[in-house]
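Structure first, then comments.
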Amino acid sequence: MPETIRPKSDFLAVLAERGFLHQCSDLARLDAKAKSGDLVGYIGFDCTAPSLHVGSLIQIMMLRWLQKTGGKPVALIGGGTTRVGDPSGKDESRKLLNEKTIEANKAGIQRTFARFLRFGAGKTDAIMPDNSEWLLGLNYIDFLREVGRHFSVNRMLTMDSVKLRLDRDQELSFLEFNYMCLQAYDFVELHKRYGVNLQMGGSDQWGNIVIGIDLGRRMGTAQLYGLTSPLLATASGAKMGKTAQGAVWLDADMLSVYDYWQYWRNAEDGDVGRFLKLFTELPLAEIARLEALRDLEINEAKKILATEATALLHGRAAAEQAAETARRTFEEGALAETLPSVDIPRRDFAAGFGVLAAFVRAGLVGSTGEARRQIKGGGLKVNDAPVEDERATLTEADFVNGFIKLSLGKKRHVLLRPED
RNA sequence: GGGGGAGUGUCCCGAGCGGCAAAGGGGGCGGACUGUAAAUCCGCUGGCUAUGCCUUCGUAGGUUCGAGUCCUACCUCCCCCA
């Protein structure tokens, strides 16, 4: 459907040609709105973790493009909804996060946004409100009378997210059912407070967004718009953002710049073009050239993807350093002292540091048992030599240029750094 | 309210005559092959101070030399009837 209309606004043109568009509530009028330059778009983010991960990157990029094409981006933090706890996590005893944790998480997430968006008080400067500002003070009866009467249960029952659960006889709690109401209310409230007129999100948010638009109409706001991005999966169908080591975090404290670079470097061939369009700002002509590369040559495109995507998040210098670290490690087989490292007190090596414990400490394996198994399978190396004996120990004699290099498989490396 | 069924390795799905660290998948990790890719093949996929010890099958008790397996109560979910 995006192909049928040629957007006239820069914003929608960019989204369409770079592959961000999935659904849109009223493409033509939204296009006109964007062209007139008073588009204020928001996307909601949870703050259940101290950092966002790659799964949110596509949304962040949409906000970034919005700002770059003359709109105002609003990154809504779900401080209020986080306090309730996302009920979709099955029977997983939803841990209620305390206020302090939520505040800390917010701070972490804000750091990431500051990389992609320009915050401030100007017309197109980004803002980051928190829905706890209006949700926590809600009075149930008042809410029902003023807002609740505008929700049509008939309509809500036809929403995919609801229908799916009902059809499969899966429980849908009242709390969950209300989740979309709160989100719809957020939209209207953001419109009143900040003039927000567009909500964006992943395709799974479509229903919630539409309900918000409806609510706005019934409550007499100006016309609101909705737009979703496609659900991202890798070419072989896996969900994005999860790797062996867990989520691909955007905060450098939770995932090193080097590992972030590696994540993109290891993209599948079939994903390179799409990822370049979504997660870098290279011109489309350049991307077309890169994605046409085949076989060995596509590795060059992957390196560019990794460096460009990393540069957006961590800065050009850090990205180039990660690229250089990878080059030394993989292409020269040399020891790059810029690999991720772990500090170990020097005295631990005096009596010999057990290899099993060393790999656990480096975070490459989760337990000594796993280390043992990996040794059996030939997966662990110390200074590039396979570990044969699980009882081996590391001593001062093993230091090469001041480090001991531990490897899991061919790709994951960590340096042990003695600490006095 | 009555009747019937189900909850299994804390990633998921799922088998399990009283001897079980528990079949089989998926996913993940490692190895081989490659290009730090995909596909394919092989191995691994509770913890530890490790020829042994500890902890796991919804929860709590009980029977037994021994319980995921039998009994009792409870919790949660599903189906049928009212």
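Since the structure is predicted, the reported quantities are computational estimates derived from the model, not experimental observations. Chain A is the first sequence line, chain B the second, and so forth, proteins listed ahead of strands; every chain is numbered from 1.
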Q. Do Trp264(A) and Thr310(A) have a side chain donor and acceptor closer than 3.5 Å?
A. no
Checking base pairs now: Watson-Crick or wobble, both atom distances under 3.5 Å. What partners [N]?
N       : value
rU55(B) : none
rU72(B) : rA60(B)
rA21(B) : none

Tell me what [X] touches on the nucleic acid: a base, only sugar-phosphate, or nothing, going by heavy atoms under 4.0 Å.
X         : result
Lys302(A) : base
Ala267(A) : sugar-phosphate
Glu297(A) : nothing
Leu380(A) : nothing

Taking only distance into account, with no hydrogens and no angle test, what donor-acceptor pairs under 3.5 Å do side-chain atoms of residues 395-403 of chain A form with protein atoms, sequence neighbours excluded?
unit_1: Thr395(A); atom_1: OG1; unit_2: Ala397(A); atom_2: N; d: 3.3
unit_1: Glu396(A); atom_1: OE1; unit_2: Arg346(A); atom_2: NH1; d: 3.2
unit_1: Asp398(A); atom_1: OD2; unit_2: Thr395(A); atom_2: N; d: 2.8

(Q) Without decimals, in angstroms, what is the distance between Tyr260(A) OH and rU36(B) C1'? (A) 18 Å
Q. Rounded to the nearest Å, what distance is computed from the CG atom of residue Asp259(A) to the C1' atom of nucleotide rU36(B)?
A.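 Computing the Asp259(A):CG to rU36(B):C1' distance gives 13 Å.
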Q) Which of residues 345-357 of chain A sit near RNA chain B, with a heavy atom under 4.0 Å from it? A) none
If you restrict it to nitrogen or oxygen atoms, what contacts under 3.5 Å exist between nucleotides 43-49 of chain B and the protein, and what is each distance?
unit_1: rG47(B); atom_1: OP1; unit_2: Ser367(A); atom_2: OG; d: 3.0
unit_1: rG47(B); atom_1: OP2; unit_2: Arg373(A); atom_2: NH2; d: 2.3
unit_1: rC48(B); atom_1: OP1; unit_2: Thr368(A); atom_2: N; d: 3.3
unit_1: rC48(B); atom_1: OP1; unit_2: Thr368(A); atom_2: OG1; d: 3.3
unit_1: rC48(B); atom_1: OP2; unit_2: Thr368(A); atom_2: OG1; d: 3.0
unit_1: rC48(B); atom_1: OP2; unit_2: Gly369(A); atom_2: N; d: 3.0

Q. Does Arg361(A) have any salt bridge (charged side-chain N to carboxylate O under 4.0 Å, His left out) partners at least two apart in sequence or in another chain, and if so, which?
A. Asp348(A)
Q) With sequence neighbours left out, which residue pairs that include part of residues 132-146 of chain A fulfil the salt bridge (charged side-chain N to carboxylate O under 4.0 Å, His left out) condition? A) Glu133(A)-Arg193(A)
Q | Residue pairs passing the ring-ring contact (aromatic ring centres under 6.0 Å, His included) test where at least one lies in residues 364-388 of chain A, sequence neighbours excluded | A | none
Q. Is Arg417(A) reaching over with its side chain to a backbone N or O of Ser341(A), donor-acceptor style, under 3.5 angstrom?
A. no
Q) Checking His22(A) side chain against Thr228(A) main chain: does a donor-acceptor pair fall under 3.5 Å? A)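 Flag not set: sc His22(A) to bb Thr228(A) has no pair under 3.5 Å.
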